[in-house]
Amino acid sequence: MSKFKIVISDYYYAHQNQENAVYARLGDVEIVDLTKVAPGGLFKPEELIPYVADCDALVVQFAKIDASVIGAMEKCKVIARYAIGFDNIDIAAATEKGIWVANVPDYCIDEVANTAAAHLLNAMRQVTVARDRVMNGTFNMNTLPPAKRLKDATLCLLGFGNIARDLGHKMEAFFKNIVVYDPYFKARDAYPGYTFIDDPNEAVKDADAISIHVPENASTRGMVGKELL
């Protein structure tokens, strides 16, 4: 019987060669890769419980690790997530059971910020709308909604973590104003060109574009709803 058992619930990568090389440093370790059980792995709590009951560590990407999964763990010491956010893990239940929850704070910051930038520019310049009309033969410049010049536009960032800060830096070259809502961000003096507003409704009031960068939790759920829009 191995000294340690690591269960990998799910991932969408082609392989785990680099990770397996790191796990091998632990010596006597059993790796249970659930993508070998089902394509992409197992995602539902009831599916995971039989495999994680006796694990020492759980590595997760998108699977839901709720209180039922954590409650079934007999000796797990750490749950590690392949991402920045950890809203798919019940932190309170893990804490109560003495299980550490780890994430990857710098996971794909540049890639996600670039994708958000691409969506913003696409939306502001109506690239996809125009492209679709060209492809179906209905394009007419006069029927496109008016597009505001970005150099006269305002971008609102809801949340100002690592990705939002990276995005903001890139968007400075396009937008005239950048407004930020993040009541937890304190180093505001480091961003003298930005306007920080502590009311989300006021922050979006004059925005031409909004980019959302907040984790999903009890305080943020429903933030972008009828009232804000």
Side-chain angles (χ1 to χ4, degrees), residues 11 13 18-19 22 59-62 65 78-92 94-95 99-128 147-229:
Y11 59 87
Y13 309 108
Q18 291 177 303
E19 288 85 348
V22 175
V59 181
V60 58
Q61 190 160 45
F62 300 118
I65 311 303
V78 61
I79 300 170
R81 179 153 196 245
Y82 271 123
I84 296 175
F86 39 81
D87 46 274
N88 58 323
I89 302 171
D90 190 325
I91 302 297
T95 301
I99 299 174
W100 289 86
V101 177
N103 64 341
V104 186
D106 59 353
Y107 184 89
C108 289
I109 289 173
D110 185 56
E111 291 80 1
V112 176
N114 287 343
T115 300
H119 285 306
L120 285 167
L121 296 178
N122 178 27
M124 291 294 292
R125 298 306 308 157
Q126 303 176 49
V127 175
T128 299
K148 188 172 184 176
R149 288 178 173 172
L150 269 75
K151 69 177 184 178
D152 297 325
T154 296
L155 169 64
C156 176
L157 300 174
L158 296 178
F160 203 52
N162 290 328
I163 293 173
R165 294 197 292 273
D166 190 43
L167 174 63
H169 176 69
K170 291 167 178 171
M171 291 292 95
E172 289 172 11
F174 294 93
F175 286 87
K176 179 179 181 179
N177 305 306
I178 296 180
V179 176
V180 177
Y181 167 74
D182 191 329
Y184 303 102
F185 185 75
K186 303 304 180 185
R188 300 180 178 186
D189 291 343
Y191 296 85
Y194 294 18
T195 301
F196 289 86
I197 299 177
D198 289 330
D199 182 320
N201 293 305
E202 287 298 317
V204 303
K205 187 175 181 180
D206 297 316
D208 299 286
I210 302 169
S211 193
I212 306 168
H213 300 272
V214 297
E216 183 187 6
N217 55 42
S219 66
T220 61
R221 195 170 293 114
M223 173 188 289
V224 180
K226 182 177 180 181
E227 180 182 0
L228 184 133
L229 294 175

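Hydrogens, waters and symmetry mates play no part in the numbers below; they use all other heavy atoms, side chains included. These numbers come from a predicted model, not from an experiment.
- In this model, no donor atom of one side chain and acceptor atom of the other lie less than 3.5 Å apart for Tyr13 and Glu19.
- Shortest non-hydrogen contact noted between Tyr181 and Met223 is CE2-CE, 3.9 Å.
- In this view, Phe86 and Ile89, Ile91, Asn103 satisfy the side-chain contact (heavy atoms from CB on, under 4.5 Å) rule, not counting sequence neighbours.
- Among all heavy-atom pairs drawn from Ile212 and Val224, the shortest one is CD1-CG2, 3.6 Å.
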Test log, rule side chain to side chain contact (heavy atoms under 4.5 Å, CB included), inputs Met124 and Phe175 | CA-CA 11 Å; Met124 291 294 292; Phe175 286 87; 4.1 Å; yes
For the pair Asn201 and Glu227, evaluate side chain to side chain contact (heavy atoms under 4.5 Å, CB included) and give the outcome as yes or no after the intermediate values.
-> CA-CA 8 Å; Asn201 293 305; Glu227 180 182 0; 3.5 Å; yes
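- When side chains are defined from C-beta on, Val179 does not count as touching Tyr194, because their heavy atoms never get closer than 4.5 Å.
- With sequence neighbours excluded, no residue forms a ring-ring contact (aromatic ring centres under 6.0 Å, His included) with Tyr107.
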Show which side-chain atoms of residues 111-121 pair as donor or acceptor with protein atoms under 3.5 Å away, not counting sequence neighbours.
unit_1: Asn114; atom_1: OD1; unit_2: Lys170; atom_2: NZ; d: 2.6
unit_1: Asn114; atom_1: ND2; unit_2: Asp110; atom_2: O; d: 3.2
unit_1: Asn114; atom_1: ND2; unit_2: Asp110; atom_2: OD2; d: 3.3
unit_1: Thr115; atom_1: OG1; unit_2: Glu111; atom_2: O; d: 2.9

In a table with atom names and distances, give each donor-acceptor pair under 3.5 Å that connects a side chain of residues 148-156 to protein atoms at least two apart or in another chain.
unit_1: Lys148; atom_1: NZ; unit_2: Asp208; atom_2: OD1; d: 3.3
unit_1: Lys148; atom_1: NZ; unit_2: Asp208; atom_2: OD2; d: 3.3
unit_1: Thr154; atom_1: OG1; unit_2: Asn177; atom_2: ND2; d: 3.1

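- Remark: Glu172 CD to Ile178 CD1 distance equals 5.0 Å, nearest 0.5 Å.
- The CG atom of Asn162 sits 4.0 Å away from atom CD1 of Ile109, with the distance rounded to the nearest 0.5 Å.
- With rounding to the nearest 0.5 Å, the separation of CG in Leu157 from CZ in Arg165 is 11.0 Å.
- The side chain to side chain donor-acceptor pair (under 3.5 Å) contacts involving residues 210-219 comprise Ser211-His213, Glu216-Arg221, Asn217-Ser219, Asn217-Thr220, where partners must be two or more places apart or lie in separate chains.
- Contacts of Tyr191 classified as side-chain hydrogen bond (donor to acceptor under 3.5 Å, both in side chains), with partners at least two apart in sequence or in another chain: none.
- Considering only residues two or more places apart in sequence or on other chains, Gln126 meets the side-chain hydrogen bond (donor to acceptor under 3.5 Å, both in side chains) condition with none of them.
- Within the 6.0 Å centre-distance limit, the rings of Phe160 and Phe196 are counted as a close aromatic pair.
- Expressed to the nearest 0.5 Å, how far CG of Leu158 lies from CG of Leu228 amounts to 6.5 Å.
- Considering CG of Asp166 and CE of Met171, their distance stands at 10.0 Å, rounded to 0.5 Å.
- A heavy-atom distance below 4.5 Å is found between the side chains of Ile79 and Val60.
- For Asp198, the side-chain contact (heavy atoms from CB on, under 4.5 Å) criterion is met by Arg188, not counting sequence neighbours.
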